[in-house]
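Since we're looking at a predicted model, the values are computed, not measured.
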Amino acid sequence: MTDPGMAVRREVLGDEHVDRAIAATTDFTADFQELITRYAWGEIWTRPGLDRRSRSMITLTAMIARGHHDEFAMHVRAALRNGLTVDEIKEVILQNAIYCGVPDANTAFRIAAQVLAE
């Protein structure tokens, strides 16, 4: 896998999460793991135009909007690692209540509360 992408992936998601993902890689999923490491983490998350805090806020919004609940939980953890405070995560979810819908924000608050209680 691409070293710059893997380094950022580990910094943002944590070694434990990345190690689990790599351990679960099969012949069927190996190309996908390579793609996300190289492209998402190595090409997008390393770009200089936005800091990681901003990227985390945008990613949380995308996960809420698309209903990607497992990914949302993962990115709440990443947002904390990237320096967002609990209050900032709350504000992101509140903002999304208006633009993505109250039911989606309700689900996001439930998931975030579970993650923050860990």
Side-chain angles (χ1 to χ4, degrees):
M1 293 202 185
T2 307
D3 290 339
M6 184 57 75
V8 172
R9 188 176 179 188
R10 287 184 177 284
E11 289 168 10
V12 172
L13 299 178
D15 288 331
E16 185 177 322
H17 173 85
V18 175
D19 289 344
R20 272 195 317 270
I22 291 169
T25 300
T26 65
D27 288 342
F28 184 68
T29 63
D31 290 340
F32 179 68
Q33 287 296 316
E34 166 63 22
L35 173 74
I36 61 175
T37 300
R38 180 177 36 81
Y39 187 62
W41 299 107
E43 294 292 328
I44 301 302
W45 278 80
T46 59
R47 292 180 57 81
L50 294 171
D51 62 14
R52 287 188 187 170
R53 288 173 42 82
S54 298
R55 290 186 189 282
S56 279
M57 287 187 269
I58 293 164
T59 303
L60 290 174
T61 296
M63 297 302 103
I64 292 169
R66 300 287 302 184
H68 298 303
H69 302 142
D70 291 338
E71 296 281 323
F72 178 74
M74 177 183 74
H75 279 285
V76 167
R77 291 181 197 94
L80 293 168
R81 292 179 67 87
N82 284 333
L84 268 71
T85 66
V86 172
D87 282 342
E88 289 171 325
I89 292 169
K90 175 182 74 175
E91 291 299 324
V92 168
I93 299 170
L94 284 170
Q95 179 86 9
N96 279 284
I98 303 306
Y99 293 98
C100 296
V102 171
D104 292 318
N106 187 45
T107 300
F109 270 114
R110 179 182 51 77
I111 293 167
Q114 290 169 348
V115 169
L116 296 170
E118 291 175 352

Examine [X] and [Y] and state if one hydrophobic cluster contains both, with Ile, Leu, Val, Met, Phe, Trp and Tyr joined whenever side-chain heavy atoms are less than 4.5 Å apart.
X: L35; Y: I22; result: no
X: L116; Y: F109; result: yes
X: M6; Y: I44; result: no
X: L94; Y: V115; result: yes

Checking side-chain contact (heavy atoms from CB on, under 4.5 Å) for the pair W45/T59: CA distance, chi angles, key distance, verdict? CA-CA 11 Å; W45 278 80; T59 303; 3.6 Å; yes
Do the side-chain N and O atoms of R38 and Q33 include a donor-acceptor pair separated by under 3.5 angstrom? no
Looking only at side-chain N and O atoms, does D104 offer a donor or acceptor that is under 3.5 Å from a partner on T107?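 No, D104 and T107 have no side-chain donor paired with an acceptor closer than 3.5 Å.
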Taken to the nearest 0.5 Å, the spacing of T61 OG1 from Y99 OH works out to 11.5 Å
Check for a donor-acceptor pair, side chain of T26 on one end and backbone N or O of T29 on the other, with a separation under 3.5 Å.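 Such a contact is found between T26 side chain and T29 backbone.
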Without placing hydrogens or testing angles, list every side-chain donor-acceptor pair under 3.5 Å for residues 72-87, not counting sequence neighbours.
residue : atom : partner : partner atom : Å
R77     : NE   : E118    : OE1          : 3.0
R77     : NH1  : A73     : O            : 3.3
R77     : NH2  : E118    : OE1          : 3.3
R77     : NH2  : E118    : OE2          : 2.8
R81     : NE   : E11     : O            : 3.1
R81     : NE   : V12     : O            : 3.4
R81     : NH2  : E11     : O            : 3.4
N82     : ND2  : S56     : OG           : 2.8
N82     : ND2  : A78     : O            : 3.4
T85     : OG1  : D87     : N            : 3.4
T85     : OG1  : E88     : N            : 3.0
T85     : OG1  : E88     : OE1          : 3.4

Is it true that, when you exclude R66 itself, more than 12 heavy atoms of the residues, nucleotides or ligands shown sit nearer than 6.0 Å to its CZ?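 Atom CZ in R66 is not packed in, count stays at 12 or less.
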Can you establish whether the number of heavy atoms outside D15 located under 6.0 Å from its atom CG is more than 12? yes
Side chain to side chain, [X] and [Y], heavy atoms closer than 4.5 Å:
X: I89; Y: M57; result: no
X: D70; Y: I111; result: no
X: R10; Y: H17; result: no

With salt bridge (charged side-chain N to carboxylate O under 4.0 Å, His left out) as the criterion, how do R20 and E16 come out once you've worked through the C-alpha distance, each side chain's angles and the decisive distance to 0.1 Å? CA-CA 6 Å; R20 272 195 317 270; E16 185 177 322; 3.2 Å; yes
